[in-house]
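Please read the structure below before turning to the comments.
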Protein chains: 2
Amino acid sequence: MKWVRAPAVVGHSGGMATTPRPGAHHCGIDAAMDVIGGKWKVLILWALNDHPRRFGDLRRTLPGITEKVLTDHLRELEADGIVDRQAHPVTPPHVEYSLTPLGRSLNTALAPLGDWGREHVLNA
Amino acid sequence: MKWVRAPAVVGHSGGMATTPRPGAHHCGIDAAMDVIGGKWKVLILWALNDHPRRFGDLRRTLPGITEKVLTDHLRELEADGIVDRQAHPVTPPHVEYSLTPLGRSLNTALAPLGDWGREHVLNA
DNA sequence: CTGTATCCTCGGGGATACTG
DNA sequence: CAGTATCCCCGAGGATACAG
């Protein structure tokens with residue numbers, strides 16, 4: 001989500017000697033939030049959980065998302081090492097997106113949150 | 001974060017008979033994301049995890065946040081049943097914010113995500 | 001089919017000043 | 001101390017058209 005955080009120090013503790021990079025994080029959760037903070041990120045993660053999907057497949061799975069936004073989010077997730085992009089140079093183009101091991105571990109870490117939402121927010 | 005989602009149906013499954021409310025969610029994760037989607041929400045949750053805090057205390061704990069934004073987020077978290085606001089009618093005013101049981105359960109569900117972020121994003 | 005290229009909207013968030 | 005009240009910016013996200 002490209003939030004550039006102010007020098008928030010919640011968990012305080014020892015200071016990070018050398019600030020990792022501009023827009024540094026300060027605790028695990030907001031670091032993770034930066035990765036999954038896009039409007040459709042978690043939905044993409046979820047959609048990719050069971051098996052790889054092609055671009056058009058994803059678009060159809062996420063009604064309402066535009067090509068531009070889907071591309072943007074996929075590129076960011078790819079840059080973060082969450083999803084893997086496999087392009088087969090044929091005509092018509094054939095591209096498959098899948099979760100990397102890191103992406104799978106993220107999805108696992110997301111599960112409790114999903115359970116929480118299902119139990120406490122949904123089924124009102 | 002007040003995103004009004006399009007009719008996304010990732011987890012498919014049976015359809016929600018009666019749509020819960022405008023801006024409905026469709027799986028636990030994005031339902032949860034709606035609750036913690038503010039820029040400072042998870043930081044507030046984190047700050048409140050160990051013990052209640054007063055308004056000014058929170059503001060000092062979250063360097064960079066403004067009164068307006070802190071108030072907005074606290075009001076939203078309160079509306080979502082995540083934080084509890086206890087005002088003591090004295091002068092000067094004394095107000096304490098704390099996590100509700102629901103808030104504590106949310107924080108627990110957030111923990112794995114925090115671990116993930118700490119392990120895979122931080123300490124680059 | 002899988003994307004680019006443009007342009008634009010909109011509201012979350014920030015800055016600042018003020019009040020009970 | 002604990003907030004309101006205003007005004008405003010900016011960029012993520014959307015709409016649309018086009019391309020290899």
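Order of the sequence lines sets the chain letters (A, B, ...), proteins ahead of strands, with each chain counted from 1. All values below come from the heavy atoms of this structure, side chains included, with hydrogens, waters and symmetry mates left out. Owing to the predicted nature of the structure, the values given are computational and were not obtained by experimental measurement.
Proximity of B/Ile36 to A/Leu113: side-chain heavy atoms (C-beta onward) are separated by under 4.5 Å at one or more points. Side-chain contact between B/Thr108 and A/Trp116 is absent, with no heavy atoms from C-beta onward closer than 4.5 Å.
Rounded to an integer number of Å, the gap from NZ of A/Lys39 to P of D/dG11 is 19 Å. Rounded to an integer number of Å, the gap from A/Asp72 CG to C/dG3 C1' is 11 Å. To the nearest angstrom, P of D/dA12 lies 10 Å from NZ of A/Lys41. At whole-Å resolution of the value, CD in B/Glu96 and P in D/dA2 are 9 Å apart. Here D/dG13 presents its P atom at 10 Å from CE of B/Met33, a figure rounded to the nearest Å. Here the C1' atom of nucleotide C/dC1 and the CG atom of A/Leu74 are 15 Å apart, to the nearest Å. Separating the CG atom of A/Leu70 from the P atom of D/dA15 is a distance of 14 Å, rounded to the nearest angstrom. Counting to the nearest Å, the C1' atom of D/dG20 and the CD atom of A/Glu67 are 15 Å from each other.
Between B/Arg54 and D/dA2 there is a side-chain N or O to OP1 or OP2 distance below 4.0 Å. Contact between the side-chain N/O atoms of B/Arg60 and the OP1/OP2 oxygens of D/dA2 is not found at any separation under 4.0 Å. Checking the phosphate oxygens (OP1, OP2) of D/dA2, no side-chain nitrogen or oxygen of B/Arg85 falls inside 4.0 Å. Contact between the side-chain N/O atoms of B/Tyr97 and the OP1/OP2 oxygens of D/dG3 is found at a separation under 4.0 Å. Here A/Arg53 does not reach the OP1 or OP2 of C/dC1: none of its side-chain N or O atoms lies under 4.0 Å away.
Between A/Glu96 and A/Arg85, no side-chain nitrogen of the basic residue sits less than 4.0 Å from a carboxylate oxygen of the acidic one, so the salt-bridge criterion is not met. Salt-bridge check for A/Glu67 with A/Arg59: passed, with a basic side-chain N closer than 4.0 Å to an acidic carboxylate O. Salt bridge present: A/Arg118 and A/Asp115 bring a charged side-chain N and a carboxylate O closer than 4.0 Å.
Shown for residues 86-94 of chain A: residues whose heavy atoms fall under 4.0 angstrom of DNA chain C, namely A/Pro92, A/Pro93.
With A/Tyr97 as the fixed residue, the side-chain contact (heavy atoms from CB on, under 4.5 Å) test singles out one of A/Leu70, A/Leu58, A/Asp84, A/Asp57: A/Leu58. Applying side-chain contact (heavy atoms from CB on, under 4.5 Å) to B/Ile44 and the options B/Leu62, B/Asn49, B/Ile82 leaves one that passes, B/Leu62.
B/Arg59 comes within contact range of no nucleotide atom at all, as no heavy-atom separation falls under 4.0 Å.
Checking A/Val95 against A/Lys68, the closest nucleotide of DNA chain C that is more toward the 5' end is the one next to A/Val95.
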